[in-house]
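These notes concern the structure reproduced below.
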Amino acid sequence: MRFSRNATGTLFVGGAMALTLTALAYPGMLGLDKVSTAQDRVIANTQWGPLTEQDRDFVVKVRAAGLWEYPVGQIGLQKGGSKSVITASQHLIDGHAALDTTCRKIAPMLNITLPNVASPQQQGFVNTLKSDTGKQFDTDFANILRMTHGSIFNAIAKIRSTTKNSLIRALADQANDTVLDHMTVMEKTGLVDFDQTLFQQTTPPKLPNSDLTPPAPAPGQPEVVLTPPPTATSTPVDISGIVGGGAPAAGASPNPGPTGG
């Protein structure tokens with residue numbers, strides 16, 4: 001298999017995503033490598049419940065995942081050499097379009113600014129798959145994506161079981177269903193090397209922080225939108241049904257608390 005530990009080290013558990021905020025500080029490094037007290041620190045008090053650093057980081061991680069897996073799904077539709085890889089590609093596009101819609105709905109409600117491009121590490125995954133051909137593409141596709149989805153799966157469970165914010169819980173529910181579906185369709189390709197993939201999944205990447213961090217969006221840059229496919233079956237979270245209040249009126253503040261980084 002072509003991918004190495006340095007190139008495809010654990011994406012979400014060992015790695016981290018950066019986040020730009022207007023009212024909340026821009027941390028240089030996000031992720032689960034911070035001490036738990038920092039990740040549990042409440043950075044805003046909202047009408048949907050307190051927002052912690054790990055809650056905020058989770059929204060960014062979900063958004064960043066879609067920014068590279070959605071285009072990989074499009075590549076897979078063109079280059080996939082088997083019906084199972086084509087099916088998996090369709091699931092990537094469908095699931096991440098719906099997750100992206102939810103992220104873009106709740107981010108302004110929680111005063112979170114989302115990245116517009118994936119991290120250099122994630123872009124490296126895309127470049128690898130762009131350069132692959134034939135059977136090598138199918139093999140790398142199944143193994144890279146099974147590894148990355150497996151990495152975030154445990155992180156989703158942690159967020160879902162600990163967050164006090166109803167919007168984050170709703171996103172975690174949707175992400176759990178989507179990631180489990182994507183892991184399953186990768187496994188159904190019959191191409192996953194579980195020994196190597198699980199090793200990659202549980203081994204922190206030997207990469208600089210800058211490679212694990214998506215760049216901040218440029219001021220005034222239009223927000224990237226992942227368009228649902230015409231045959232979409234996945235649906236975003238119904239925000240109107242979230243306990244704790246609906247979206248604040250235009251110009252209203254989500255009542256941010258401390259803004260220190």
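Heads up: numbering here begins at 1 and tracks the sequence.
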What are the two closest non-hydrogen atoms of Ile242 and Ser166, and how far apart are they?
CG2-OG, 3.2 Å
Looking at every non-hydrogen atom in both residues, tell me the closest pair between His96 and Ala65 and how far apart they are.
CE1-CB, 4.0 Å
Val59 side chain near Asp55 side chain, heavy-atom distance below 4.5 Å:
no
Closest contact, heavy atoms only, Pro115 versus Pro217:
CA-CD, 4.3 Å
Tell me if the CD atom of Gln221 is crowded by more than 12 foreign heavy atoms within 6.0 Å.
yes
Rounded to the nearest 0.5 Å, what separates atom CD1 in Ile106 from atom CG in Leu171?
4.5 Å
Within this structure, what is the CG-OG distance for the pair Asp138 and Ser84, rounded to the nearest 0.5 Å?
7.0 Å
Which residue is it: Leu191, Leu145, Leu129? I am looking for the one with a side-chain contact (heavy atoms from CB on, under 4.5 Å) to Asp140.
Leu129
Hydrophobic cluster of Leu67, others only, ordered by chain and residue number, side-chain cut-off 4.5 Å:
Tyr70, Leu77, Ile86, Ile93, Val224, Leu226
Could you go through the side chain to side chain contact (heavy atoms under 4.5 Å, CB included) check for Glu187 and Thr189 one step at a time?
CA-CA 5 Å; Glu187 292 162 358; Thr189 65; over 6 Å; no
Taking atom types as modelled and ignoring hydrogens, do the side chains of Ser119 and Gln122 form a donor-acceptor contact shorter than 3.5 angstrom?
yes
Going hydrophobic residue to hydrophobic residue with side-chain gaps under 4.5 angstrom, can you get from Val85 over to Ile75?
yes
Residues Arg56 and Asn111: side-chain donor-acceptor under 3.5 angstrom:
no
Going by atom types only, do Asp40 and Thr52 share a side-chain donor-acceptor pair under 3.5 Å?
no
Does the distance from a Lys or Arg side-chain N to an Asp or Glu carboxylate O, for Asp132 and Lys79, drop under 4.0 Å?
no
For His91 and Asp181, run side chain to side chain contact (heavy atoms under 4.5 Å, CB included): C-alpha distance rounded to whole Å, both residues' side-chain angles, the deciding distance at 0.1 Å, then the answer.
CA-CA 8 Å; His91 281 236; Asp181 172 68; 2.7 Å; yes
Please check if the side chain of Thr102 supplies one atom and the backbone of Val237 the other of a donor-acceptor pair under 3.5 Å.
yes
Indicate whether any N or O donor in one side chain lies under 3.5 Å from an N or O acceptor in the other, for His182 and His149.
yes
Derivation and outcome, side chain to side chain contact (heavy atoms under 4.5 Å, CB included), residues Lys105 and Leu167:
CA-CA 10 Å; Lys105 282 183 178 179; Leu167 293 178; over 6 Å; no
If I take atom CG from residue Leu51 and atom CG from residue Leu110, how far apart are they, to the nearest 0.5 angstrom?
5.5 Å
Stepwise side chain to side chain contact (heavy atoms under 4.5 Å, CB included) test for Val72 and Phe125:
CA-CA 9 Å; Val72 162; Phe125 296 146; 5.8 Å; no
Got Trp68 and Thr148 here, is their nearest side-chain heavy-atom distance under 4.5 Å?
yes
Can you find a pair of side-chain heavy atoms, one from Arg63 and one from Asn116, that are under 4.5 Å apart?
yes
Could you give the distance from CE (Met109) to CD (Gln47), rounded to the nearest 0.5 Å?
6.5 Å
Measure the spacing between CZ of Arg146 and CZ of Phe153 and express it to the nearest 0.5 Å.
9.0 Å
Under 4.5 Å between any side-chain heavy atoms of Lys158 and Gln54, yes or no?
yes
Residues in salt bridge (charged side-chain N to carboxylate O under 4.0 Å, His left out) with Glu223, at least two apart?
none
Shortest non-hydrogen contact from Met186 toward Ala142
CB-O, 3.9 Å
Heavy-atom nearest pair, Ser89 first then Phe141, reads OG-CZ, 3.5 Å
Is there a donor-acceptor pair closer than 3.5 Å between any side-chain N or O of Asn143 and the backbone N or O of Thr197?
no
From Thr139 atom OG1 to Asp193 atom CG, the distance as rounded to the nearest 0.5 Å
9.5 Å
Residues Gln121 and Asp211: side-chain donor-acceptor under 3.5 angstrom
no
Are a donor atom and an acceptor atom from the side chains of Gln201 and Ser151 found within less than 3.5 Å of each other?
no
Please name the pair of heavy atoms, one in Ala232 and one in Pro228, separated by the smallest distance, quoted to 0.1 Å.
CB-CB, 4.2 Å
Is it true that Ile239 and Ile159 fall in one hydrophobic cluster, defined by side-chain heavy atoms closer than 4.5 Å?
yes
Is any side-chain heavy atom of Asp94 less than 4.5 Å from a side-chain heavy atom of Thr231?
no
Is there a donor-acceptor contact under 3.5 Å linking the side chains of Asp238 and Ser240?
yes
Taking Arg104 first and then Asp100, would you say they form a salt bridge - that is, a charged N and a carboxylate O separated by under 4.0 Å?
yes
